[in-house]
Undergrad: 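Below is a structure I'd like to ask you about.
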Amino acid sequence: MTQIPDGPVVVGVDGSQAGGAAIDWAARFAAERNLPLRLIYVFPFPSLAASVAPESLPSESELRPGFERMIGEAADRARKAAGAELAVSGTVIEGVPAEALVDESQRARLVVLGSRGYGGFRGLLVGSVSVQVAAHAASPVVVVPPRGEGDGHGPVVVGVDGSELSESAVAFAFEAASFRDAELVAVSAWQVPAGLDLVPMQVNVDQFGDDQDRALAESLAGYQERYPDVRVRRQVSMGSAAQVLLEAAADAQLVVVGSRGRGGFKGLLLGSVSQSVLHNASCPVAIIKDRATQE
């Protein structure tokens with residue numbers, strides 16, 4: 001059974017509305033588990049200095065006090081959102097935001113990001129930094145929408161496909177549902193195998209669904225014993241995994257998916273299902289990776 005490692009909760013700070021919602025979410029997550037919260041602001045000073053006229057850019061020493069004030073304000077916000085004792089630290093780092101946060105994930109229990117900071121396009125629900133960190137982080141990553149929709153209300157929804165990454169997602173989802181006293185909706189999607197509909201035979205749809213439900217129940221059994229307080233509802237639906245998950249997550253407070261399930265290619269770090277959910281869900285999305293598979 002997958003064990004959830006210890007470590008701080010790391011949250012990216014950028015001063016945006018989405019970043020503020022991420023701070024609130026991360027603070028509550030950390031307070032619930034008595035974990036430290038680490039606030040990170042990454043300033044890309046070297047890349048800025050290389051791309052603009054040096055004389056037009058304030059020095060790093062001139063800019064740093066403003067960034068440190070931003071971290072201080074974020075820490076105050078986090079303590080207020082936590083509603084409990086919370087150990088908070090913060091730092092300003094020079095570098096590339098996605099790379100710095102991926103490095104932080106090596107030592108983190110969780111990395112939390114806003115879905116879109118300043119400069120995002122209206123039609124793009126998730127910014128490039130969030131996608132890069134979700135794809136490459138060693139720890140789980142939670143991406144929170146600007147208004148934190150779903151936080152504190154509705155069920156925790158998890159996608160289950162029987163893979164090792166799916167088991168890690170199930171472990172994370174059960175723990176989240178237990179701490180939030182929320183219902184857990186475990187979702188499994190299935191489709192008639194490609195080409196089978198062309199074979200002159202009667203496809204027993206009910207049998208496919210029953211087999212999938214049994215497999216889903218087996219995937220959950222050990223965790224139901226470990227978390228007897230969690231109310232579990234199994235949902236087996238015919239259709240694409242991404243669409244089934246998004247429909248189930250319509251009223252969720254959190255949706256949990258593995259970064260890559262069955263059939264994933266080794267070089268594809270963020271699968272099509274997790275990408276689709278990440279870009280389209282209106283509630284916070286947790287992208288789970290198995291640390292043992294990280295290179």
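Residue numbers run from 1 in the order of the sequence given.
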Undergrad: What heavy-atom pair brings Ala27 and Ala82 nearest, and what distance separates the two atoms?
TA: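 Nearest pair, atom of Ala27 first, then Ala82: O-CB, 3.9 Å.
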
Undergrad: Should Val156 and Glu183 count as side-chain neighbours, where that means a heavy-atom distance under 4.5 Å?
TA: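 Val156 vs Glu183: side chains apart.
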
Undergrad: Report yes or no: is the cationic atom of Arg69 (NZ for Lys, CZ for Arg) closer than 6.0 Å to the six-membered ring centre of Phe67, at no more than 45° off its axis?
TA: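 Verdict for Phe67: no cation-pi partner in Arg69.
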
Undergrad: Can you find a heavy atom in the side chain of Asp24 that is under 4.5 Å from one in the side chain of Lys80?
TA: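 Side-chain contact under 4.5 Å: no.
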
Undergrad: Please give me the minimum heavy-atom distance between Leu245 and Val158, naming the atom from each residue.
TA: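 It is CD2-C, 4.1 Å.
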
Undergrad: Using the side chain to side chain contact (heavy atoms under 4.5 Å, CB included) rule, take Ile287 and Val143 through it: C-alpha gap first, then chi angles, then the decisive distance, then the call.
TA: CA-CA 8 Å; Ile287 304 291; Val143 179; 5.5 Å; no

Undergrad: Between Asp161 and Ser188, is there a side-chain heavy-atom distance shorter than 4.5 Å?
TA: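 No, too far: nothing below the 4.5 Å cut-off.
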
Undergrad: Is a side-chain donor or acceptor of Gln212 paired with a backbone partner of Val236 at a separation under 3.5 angstrom?
TA: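 Not at all, since once roles are kept as given, no pair shorter than 3.5 Å links the two residues.
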
Undergrad: Which atom pair, heavy atoms only, marks the closest approach of Ser259 to Ser274?
TA: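 Here Ser259 and Ser274 meet closest at O-OG, 3.1 Å.
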
Undergrad: Is any side-chain N of the basic residue among Glu85 and Arg79 closer than 4.0 Å to the acidic one's carboxylate O?
TA: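 Judged by the 4.0 Å cut-off on N to carboxylate O distance, Glu85 and Arg79 do not form a salt bridge.
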
Undergrad: Please walk me through it: do Glu167 and Tyr223 pass side-chain hydrogen bond (donor to acceptor under 3.5 Å, both in side chains)?
TA: CA-CA 10 Å; Glu167 183 183 354; Tyr223 293 98; 3.2 Å; yes

Undergrad: Given side chains that start at C-beta, do those of Glu99 and Gln132 come closer than 4.5 Å, heavy atoms only?
TA: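 No; the side chains remain at least 4.5 Å from each other.
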
Undergrad: Return the CD to CD1 distance between Glu68 and Ile71, rounded to the nearest 0.5 Å.
TA: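 Atom-to-atom, Glu68:CD and Ile71:CD1 are 8.5 Å apart.
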
Undergrad: Taking the side chain as C-beta and beyond, is there a heavy-atom pair between Tyr227 and Asp229 under 4.5 Å?
TA: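 Yes, their side chains come closer than 4.5 Å.
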
Undergrad: Dump the intermediate steps for side chain to side chain contact (heavy atoms under 4.5 Å, CB included) on Val256 and Ile288, then the final yes or no.
TA: CA-CA 7 Å; Val256 185; Ile288 310 302; 3.6 Å; yes

Undergrad: In the structure I gave you, are the side-chain heavy atoms of Thr91 and Ile40 within less than 4.5 Å of one another anywhere?
TA: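 A side-chain contact exists here, since the closest heavy-atom pair is under 4.5 Å.
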
Undergrad: Evaluate the side chain to side chain contact (heavy atoms under 4.5 Å, CB included) criterion for residues Val142 and Leu110: first the C-alpha distance (whole Å), next the side-chain angles of each, then the deciding distance (0.1 Å), finally the verdict.
TA: CA-CA 7 Å; Val142 172; Leu110 180 71; 3.7 Å; yes

Undergrad: Should Phe179 and Leu184 be counted in the same cluster of Ile, Leu, Val, Met, Phe, Trp and Tyr side chains packed under 4.5 Å apart?
TA: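 In one cluster with Phe179: Leu184, no.
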
Undergrad: Closest approach of His136 and Val102, non-hydrogen atoms and distance?
TA: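 Shortest heavy-atom contact: O-CG1, 3.7 Å.
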
Undergrad: Hey, what do you get for CZ (Arg38) to OG (Ser89), rounding to the nearest 0.5 Å?
TA: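 Spacing of CZ (Arg38) from OG (Ser89) equals 5.5 Å.
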
Undergrad: To the nearest 0.5 angstrom, please state how far the CD atom of Gln235 sits from the CG atom of Asp213.
TA: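 CG of Asp213 is found 11.0 Å from CD of Gln235.
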
Undergrad: May I ask you to check if Arg226 and Phe174 form a cation-pi contact, with NZ or CZ under 6.0 angstrom from the six-membered ring centre and within 45° of the axis?
TA: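 Pair Arg226/Phe174 does not count as cation-pi.
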
Undergrad: Which heavy atom of Ala31 sits nearest a heavy atom of Leu86, and at what distance?
TA: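 Scanning both residues, the minimum pair turns out to be N-CD1, 3.9 Å.
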
Undergrad: Show, in sequence, the C-alpha distance, side-chain angles and deciding distance for Arg231 and Asp181, and conclude whether the side chain to side chain contact (heavy atoms under 4.5 Å, CB included) test is met.
TA: CA-CA 9 Å; Arg231 307 178 304 280; Asp181 191 26; 3.6 Å; yes

Undergrad: Does any non-hydrogen side-chain atom of Arg234 lie less than 4.5 Å from one of Val160?
TA: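 In short, these two side chains do not touch, never coming nearer than 4.5 Å.
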
Undergrad: Determine whether Pro284 and Pro145 make a side-chain contact, defined as any pair of heavy atoms from C-beta on separated by less than 4.5 Å.
TA: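 Of all side-chain heavy-atom pairs linking Pro145 with Pro284, at least one is under 4.5 Å.
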
Undergrad: Looking at Glu175 and Arg109, is there a salt bridge between them, counting it only when a charged N and a carboxylate O are closer than 4.0 Å?
TA: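 Yes, charged N to carboxylate O under 4.0 Å.
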
Undergrad: Decide whether a cation-pi geometry holds between Arg77 and Trp25; the criteria are a distance under 6.0 Å from NZ or CZ to the six-membered ring centre and an angle within 45° of the ring axis.
TA: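 No, Arg77 and Trp25 do not form such a contact.
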
Undergrad: Could you check whether any side-chain N or O of Asn280 sits under 3.5 Å from a backbone N or O of Ser276, counting only pairs where one atom can act as donor and the other as acceptor?
TA: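 Yes; at least one donor-acceptor contact below 3.5 Å.
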
Undergrad: Please check this pair: side chain of Ser130 against backbone of Leu113, looking for a donor-acceptor N/O pair closer than 3.5 Å.
TA: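 Not a single qualifying donor-acceptor pair exists.
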
Undergrad: So, for Ala138 and Ser105, which heavy atoms are closest and what is the spacing to 0.1 Å?
TA: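 Heavy-atom minimum between the residues: N-OG, 2.9 Å.
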
